[in-house]
There are 2 protein chains.
Amino acid sequence: MDTEERLRDILQRLQKDGHRMTPQRVAILRAFLSAQDHPTVEQVYRRVCRDFPMTSLATVYKTVALLKEMGEVIEISGDLQGSRYDAFHPEPHPHLICTRCGQIYDGEGVDVQPVVAALQAQSAFQVSTYRLDLYGVCAACQAQSG
Amino acid sequence: MDTEERLRDILQRLQKDGHRMTPQRVAILRAFLSAQDHPTVEQVYRRVCRDFPMTSLATVYKTVALLKEMGEVIEISGDLQGSRYDAFHPEPHPHLICTRCGQIYDGEGVDVQPVVAALQAQSAFQVSTYRLDLYGVCAACQAQSG
DNA sequence: CTTCCTGCAAAGTCTTTGCAGCACC
DNA sequence: GGTGCTGCAAAGACTTTGCAGGAAG
């Protein structure tokens with residue numbers, strides 16, 4: 001499903017729940033859905049402002065809350081300079097966080113489910129989601145300075 | 001190594017680095033080292049105050065920073081009501097976070113290293129640490145309300 | 001028209017910082 | 001005694017909230 005298709009789907013679901021479709025909301029949704037770089041709220045806000053200057057940070061926050069509720073965005077890493085969000089792959093998956101440049105990459109090709117399942121079995125927890133973040137230095141930063 | 005032994009070891013290392021050993025610091029260290037429940041800074045502060053009322057929150061924060069630097073404490077879950085800390089098992093390990101009662105349990109008996117290693121290999125990252133948090137409902141809360 | 005949404009500003013939380021005086025070494 | 005530490009209070013970063021006016025349905 002591409003970004004525009006998802007956008008239409010989400011807007012439809014919002015309407016069904018009695019929510020409205022304002023230009024700000026659409027712009028914010030589009031910015032989130034198309035962002036592949038795990039942006040902060042601040043970053044989304046700035047992107048939206050480029051195309052649609054009449055938007056406030058508060059509205060972006062309110063929209064994130066909505067998207068989180070709908071499961072269309074996940075929050076990752078509550079660390080430096082604010083939480084970051086992933087609406088591009090809203091299913092839980094590993095992230096690789098570069099402590100040098102702050103960039104966040106998606107961890108791909110490794111199945112985490114077995115570990116999650118094992119922990120769940122061991123603990124009698126009813127696990128609903130997980131977060132796996134690896135911290136380190138990305139290839140680019142390694143090349144730059146050893 | 002038990003708590004008191006670790007305490008002595010840490011104090012020794014602090015002194016070697018030109019740091020001092022004040023009653024507050026010792027009390028805070030002891031509270032952190034003996035806490036098995038992943039407390040917040042606020043909780044540690046309250047515990048220290050019981051035995052040693054002349055302590056400020058700022059000092060607890062400063063001491064956490066010191067302990068983090070020394071690798072004697074790890075920060076887990078920057079979620080609701082402040083970061084929580086684990087000085088009892090300061091090596092990275094999975095945590096099971098109950099979204100109902102807020103309790104944090106240690107995930108035991110499952111080796112996460114292979115997954116971390118696989119992700120590291122795949123990504124050309126130089127991974128230094130990781131964080132694996134599972135969110136769900138603990139056994140106690142399940143029993144309580146389905 | 002009604003209800004939800006927006007934007008502003010204020011408040012709230014958690015954490016950090018500046019600084020004067022005190023206490024460890 | 002010198003330097004680091006403490007406690008206070010203020011500042012800071014991020015996020016949430018209250019509210020009046022405006023807009024979607």
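Atoms considered below: every heavy atom in the structure, side chains included; atoms not considered: hydrogens, waters and symmetry mates. Just so we're on the same page: letters track the sequence lines, and every chain starts at 1. The structure displayed is predicted, hence computed values, not measured ones.
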Fill in: Derivation of the side-chain hydrogen bond (donor to acceptor under 3.5 Å, both in side chains) call for A:S83 and A:E75
CA-CA 7 Å; A:S83 295; A:E75 189 174 344; 2.8 Å; yes
Practice prompt. Might you work through the side chain to side chain contact (heavy atoms under 4.5 Å, CB included) test for B:D86 and B:V73, ending with a clear yes or no?
Written response: CA-CA 6 Å; B:D86 193 334; B:V73 107; over 6 Å; no
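DNA chain D is contacted by B:M54, B:T55, B:S56 of residues 45-56 of chain B, taking any non-hydrogen atom closer than 4.0 Å.
Considering A:I76, A:L132, A:V110, A:L134 in turn, A:L132 is the only one that fulfils the side chain to side chain contact (heavy atoms under 4.5 Å, CB included) rule with A:P94.
Of the residues near DNA chain D, A:M21 and B:T63, the one whose nearest nucleotide (by heavy atom distance) lies more toward the 5' end is B:T63. Take the nearest nucleotide of DNA chain D for A:V41 and for B:T59: the residue whose nucleotide is more 5' is B:T59.
The side chain of A:S83 contributes an N or O atom lying less than 4.0 Å from OP1 or OP2 of D:dT15. Phosphate proximity of C:dC5 to A:Q24: absent, as no side-chain N or O sits under 4.0 Å from OP1 or OP2. Under 4.0 angstrom from either OP1 or OP2 of D:dT6 there lies at least one side-chain N or O belonging to B:T22.
Of the candidate nucleotides D:dT16, C:dT6, C:dC24, D:dT16 has the atom lying nearest to any side-chain atom of A:Y61. Among the nucleotides C:dT6, C:dC8, C:dT15, the one closest to the side chain of A:A58 is C:dC8. Checking C:dC25, C:dT6, C:dT15 against the side-chain heavy atoms of B:Q15 singles out C:dC25 as nearest. The nucleotide whose nearest atom lies closest to any side-chain atom of B:H19 is, among C:dC8, C:dG18, D:dC5, D:dC5.
Protein atom CG of A:L29 is 13 Å distant from nucleotide atom C1' of C:dC5, rounded to whole Å. Summarising the geometry, the separation between CG on A:L57 and P on C:dT6 is reported as 13 Å, rounded to the nearest angstrom. Atom CD of B:E75 is separated from atom C1' of C:dT15 by 11 Å (rounded to the nearest Å). One interatomic measurement links the two molecules: CG of A:L14 to C1' of C:dT3, which rounds to 16 Å at whole-angstrom precision. One atom, CG of A:D17, and another, P of C:dC5, lie 11 Å apart when rounded to the nearest Å. When rounded to the nearest whole Å, the span between OH of B:Y85 and P of C:dC14 equals 12 Å.
Salt-bridge check for A:R13 with A:D9: passed, with a basic side-chain N closer than 4.0 Å to an acidic carboxylate O. Under a 4.0 Å N-O distance rule, the pair B:D37/B:R47 qualifies as a salt bridge.
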Under 3.5 Å, N/O pairs linking protein and nucleotides 10-12 of chain D:
none

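If you check distances only, the side chain of B:R20 does reach the base of D:dG4 with a donor-acceptor pair under 3.5 Å. Applying the 3.5 Å distance criterion, the base of D:dT6 shares no donor-acceptor pair with the side chain of B:R25. With hydrogens and angles left out, the side chain of A:K62 and the base of C:dG7 share a donor-acceptor pair within 3.5 Å.
For B:M21, the CE atom counts as loosely surrounded, since its 6.0 Å shell holds 12 or fewer non-hydrogen atoms of other residues, nucleotides or ligands.
Between A:F125 and B:Y105, the ring center distance clears the sub-6.0 Å criterion.
Using a 4.5 Å heavy-atom threshold, the side chains of B:Y85 and B:H38 count as separate.
Atom CD1 of A:I97 is separated from atom OG1 of A:T99 by 9.5 Å, given to the nearest 0.5 angstrom.
By the 30° and 60° cut-offs, the orientation of the rings of A:H93 relative to A:H95 is tilted.
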